[in-house]
2 protein chains.
Amino acid sequence: MMINPEYAFRTGMESGATLEDVAREAGVSPATVSRCLNNPGIVRPQLKAKVDAAIEKLDYVPHGAARSLASRRSRLIGAIFPSLDSALFGGTLEALQSEIADSGYTPVVASSNYDPEQERNHLRNMLASGIDALMLVGAAREASVYRLIRRRKVPYVLTWVAGTDGTHPCIGFDNRAAAAAVTRHLLDMGHRRFAMISGATANNDRAAGRLAGVQAALEERGLTLDPTRIITRPFGVEEGRAALRLLMAREPRPTAIICGADPFAYGALLECQNLGLAVPDDLSITGFDDMWLSASLPPGLTTLRTPRNEMGTLAGRYMLSVLAGEETLPPRPLDFELIVRGSTGPPSQAA
Amino acid sequence: MMINPEYAFRTGMESGATLEDVAREAGVSPATVSRCLNNPGIVRPQLKAKVDAAIEKLDYVPHGAARSLASRRSRLIGAIFPSLDSALFGGTLEALQSEIADSGYTPVVASSNYDPEQERNHLRNMLASGIDALMLVGAAREASVYRLIRRRKVPYVLTWVAGTDGTHPCIGFDNRAAAAAVTRHLLDMGHRRFAMISGATANNDRAAGRLAGVQAALEERGLTLDPTRIITRPFGVEEGRAALRLLMAREPRPTAIICGADPFAYGALLECQNLGLAVPDDLSITGFDDMWLSASLPPGLTTLRTPRNEMGTLAGRYMLSVLAGEETLPPRPLDFELIVRGSTGPPSQAA
DNA sequence: TCGCTAACTGAAAGCGCTTTCAAACAATAA
DNA sequence: TTATTGTTTGAAAGCGCTTTCAGTTAGCGA
C-alpha cells in the first residue's frame, strides 16, 4: 500500500512531535517513552534522563485522545450544575476543579438551568465525550437517567444532598435537618407565627427538603405552616422583596420568615427597610447558604452555612479514589452550621 | 463495612457497543455507520434507517476518544477564568456553554485564582487533553504563554477586554473607556474630589484599565487622582467597607468614590449607612458590572453594566466559526452601558 | 566461572473511529 | 444497446498511545 504523500505531509506540518519522535530522538523504544510518562519509577534513571531531554527538546505534549483511547481513561470528570451564574455552585465547582487538578484531571462543565431535559442532554454529551466520572447536584431525577449512567459504568456522586438510603453515593448535607435547625432556633426564641419563602420545589430536592424540614420542625411543636404562608419563587433578590410584601400584607403578620436561600433573605431585609419594619424587633428573617453578603448586610443575616466548597473538594476526592480502584466507603453526610446574626431575635410583645 | 454493590464501581470494566457492532447489526460496513453519524446526508435513507435502528437497539454511544483520535477534533473547548466563585464569570461561562452545546461542544473549565502560574498549568493540561479552541480572560500574560497556544495551532479568544492592537482576537469591551464614562458622569454632576477603590492591577488588565480610565477622564478636566486616594484591594464586600472607612477618615473628604467592581460598592454603601453618611448627598458612589444586587441595594447603585453574558455567547460563536473554517472577521469591541441609579448625585454645597 | 532471578526494555497488537480510494451500482446520454 | 457520468458503499490504512509478552541484561550466590 502506498502512503498518501499529501497525508504524510500534512501530519508533519500540523501536529507537534509524537511519542515516536521522542523515542527516536532519545534512541529508545516508544514503549519506554510511554513508561517514562506514566510510570517513571520502572525506567532506569539514565534512560529516563535521555527521554526527558528529548521531550524537552521537541517540546512534546502527549496527545490526549490517543492516550484515552489506548488507556481507556480520559482524565475528564463531568460536572453538571443547575446554574452557574450565582456564586453558590461556583464555589463547589472551583473546589472540585482544584482538588482533581493535581491528579491530572480536568472538569467538563455544563449548566442545566434547573431543567431535567437539558441535564439529560448534557449528560449524553458528556458520556459520549468519555468522562471518567460524574458529579451531579441533587438526587431527584428520572430513573432512566441513572440507568444511563450505570450502563456506561461511570462512577458518579451526588452533591448538595445526603443519604438517599444508600441508593446513590452522596456528598452533601441533610437539607431537611438543616432547615429544621433554623426553624428550631426561631421556635426557641418564642416565635409561633411563621412564613416561608421557598425556591421552586419541582425537580429540586434541596428546596423541597428545606421546606419539609421547616414543616417537620413546626409540627414537632404542634404548629403547622399554613400553605398560604409559603411563597414559592425562582431564586432572586427582587423575588424575595416581592414575597415579603405579600406576606406582610395579610393579618396576622408572621413574626418570623424563613427563606430557602440567601438572596430571598437579602430582598426581604431590604424590603423591611423600605416598609419601615425593624429587624429583628418587628420581624425575624433567616437565610440559607451564608453567601457573601450575609455577614455584611445590616443587621447581619442569621443563616445556615452550607459546606459548598467542602462538597466540591470531597466529591473530587471521592471520585479520584473510586477511579484509583481504592476501597471507597460510602461518604457520610456533612455538617452544616447555623450562623446566628442580627436578623433574628425574640418576637416583640406587641406582635 | 459492606460496600453498597449498587455503586461499587471498578474501573476498567467498561463495555458498550462499538461502531463495528452497530455495523454488523445493521448489515452494513463500519464506514457507513460512521457516515450516518457525521454526514447523514450522503447515505441512502433506507440504509440510514437500518443503522438508526441498530444504534437504538444496541444503545450505542460513540467513543469520544476514538473519534477525536481519528478525526483530529475533540469537540472540547477550554475556558480558563480568574475565578468562578463570584457570579461575574459564571454568567460568561454559562452563556458560552449554552452557545456551543448545540454544536456538540462542551467546555472544559478551570479557575486560575488570578495566578498566572496556575493559569499556565491549566493551559498545559488542556492543550494535552486536546481542546479544539480556547477562551481566556484578559490579555495580560507572558508572551511564552501565547507562543504555547500558537504552537499548538489552537484558535483562541480573549474576553473581558477589547482591542489589543489586533494582536489577539478579543471579545469584550474597553475597560478604560467604560471607567472614563463613569468618571465623566460624576464630573458632569460637579464632583471634583475623587477617590477610587480598585482591584489588584497586577496580572489584571481589566482592573488596570479601569483605573487608567478614571485617571484619564480626570486629567481631561485638569484634575488628578492622588495616589493616596486609590485603595487597592482584593475583590469583596468587606474590603469595600474597610476601604471606605479609610478614604473618609482623611480630610478633605472625597465627594465621589469610584469602585472598580460592584462588591466594593456594596461594602461602601453599607459602611456609609454605618457611619451615618447620606448617599448621594454626602457622597456619591459608583460600581462596576451591575451585578445582581445593584438594583436592589438602596439607594440603588449607579454602575456600569458590562456585557458578561454576551461575551460568553459571542466568544463561543467566534470559536465555532473559526473551527468551521469560516471567514471570520476580527470581532469589534462590545458596548457597555452606564446605569444611573440613586447612589450618585451632585455634591452638596457644604462638601 | 556458571546458573538463576530480578529488573528492564522493545516489538507488536490493538483501543474505536474517520477517511481515503476504488469498486459497485444507478442513471442518463448517445 | 453501450458509453459515460454521478452517487453510494465497503475495504483498509491509519490517528498516537498503552500494554502485554517475550526477550535482554544485570546482579549475585555458589
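Labels below follow one simple rule: chain letters A, B, ... track the order of the sequence lines, proteins then strands, and each chain is numbered from 1.
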(request) Check whether the side chains of B/Gln97 and A/Ser111 place a donor and an acceptor atom closer than 3.5 Å, and report yes or no. (result) no
(message) At 10 degrees resolution, what angle do the end axes of the helix from C/dT1-D/dA30 to C/dA30-D/dT1 form when each is taken over five base pairs?
(response) 40°
(message) Of the options D/dA11, D/dG16, C/dC15, whose atoms approach the side-chain atoms of B/Leu69 most closely?
(response) D/dG16
(message) Closest approach to the side chain of B/Ala31, judged atom by atom: which nucleotide of C/dG14, D/dA11, D/dT9 is it?
(response) D/dA11
(request) Quickly work out the A/Arg72 CZ to D/dT19 P distance and round it to whole Å. (result) 10 Å
(request) Name the nucleic acid region contacted by B/Ser34, choosing base, sugar-phosphate or nothing; use a 4.0 angstrom heavy-atom cut-off, strictly under. (result) base
(request) Determine: side-chain N/O of B/Ser29 to OP1/OP2 of D/dG10, distance under 4.0 Å, yes or no. (result) yes
(request) Ignoring the backbone of A/Arg67, work out which of D/dG16, D/dT18, C/dC17 is nearest its side chain. (result) D/dT18
(request) Could you check whether the rings of B/Phe89 and B/Trp160 sit parallel, tilted or perpendicular, using 30° and 60° as the cut-offs? (result) perpendicular
(request) Search all heavy atoms of A/Ser68 against all heavy atoms of B/Ala65 and return the closest pair with its distance. (result) CB-CB, 3.4 Å
(request) Might you work through the side chain to side chain contact (heavy atoms under 4.5 Å, CB included) test for B/Ile100 and B/Met319, ending with a clear yes or no? (result) CA-CA 9 Å; B/Ile100 65 178; B/Met319 291 187 283; 5.7 Å; no
(message) Show, in sequence, the C-alpha distance, side-chain angles and deciding distance for A/Arg120 and A/Ser144, and conclude whether the side chain to side chain contact (heavy atoms under 4.5 Å, CB included) test is met.
(response) CA-CA 10 Å; A/Arg120 174 189 242 110; A/Ser144 67; 2.4 Å; yes
(request) Would you mind reading off the distance between A/Leu19 atom CG and C/dT9 atom C1', rounded to a whole angstrom? (result) 14 Å
(request) Scan side-chain atoms only and decide if B/Asn125 and A/Arg75 contain a donor-acceptor pair under the 3.5 Å cut-off. (result) no
(request) Kindly say if B/Ser71 contacts the phosphate of C/dC17, meaning a side-chain N or O under 4.0 Å from OP1 or OP2. (result) no
(message) Ignoring hydrogens and geometry beyond distance, is the side chain of A/Arg35 in donor-acceptor contact with the base of C/dG10 at under 3.5 Å?
(response) yes
(request) Pick base, sugar-phosphate or nothing for A/Val33, based on heavy-atom distances below 4.0 Å to the nucleic acid. (result) nothing
(request) Measure the distance from CG on B/Leu37 to C1' on C/dG16 and round it to the nearest whole Å. (result) 12 Å
(request) Answer whether the closest heavy-atom distance between the side chains of B/Thr18 and B/His63 falls below 4.5 Å. (result) no
(request) State, yes or no, whether a side-chain contact exists between A/Phe81 and A/Met135 at a heavy-atom distance under 4.5 Å. (result) yes
(request) To the nearest Å, give me how far apart NE2 (B/His63) and P (C/dG14) are. (result) 17 Å
(request) State whether A/Asp21 and A/Lys57 are salt-bridged, where the test is any N-O pair (Lys NZ or Arg NE/NH1/NH2 against Asp/Glu carboxylate O) under 4.0 Å. (result) no
(request) Using a cut-off of strictly less than 4.0 Å between a heavy atom of the residue and any atom of DNA chain C, enumerate the qualifying residues of residues 38-54 of chain A by number. (result) A/Ile42, A/Val43, A/Arg44, A/Leu47
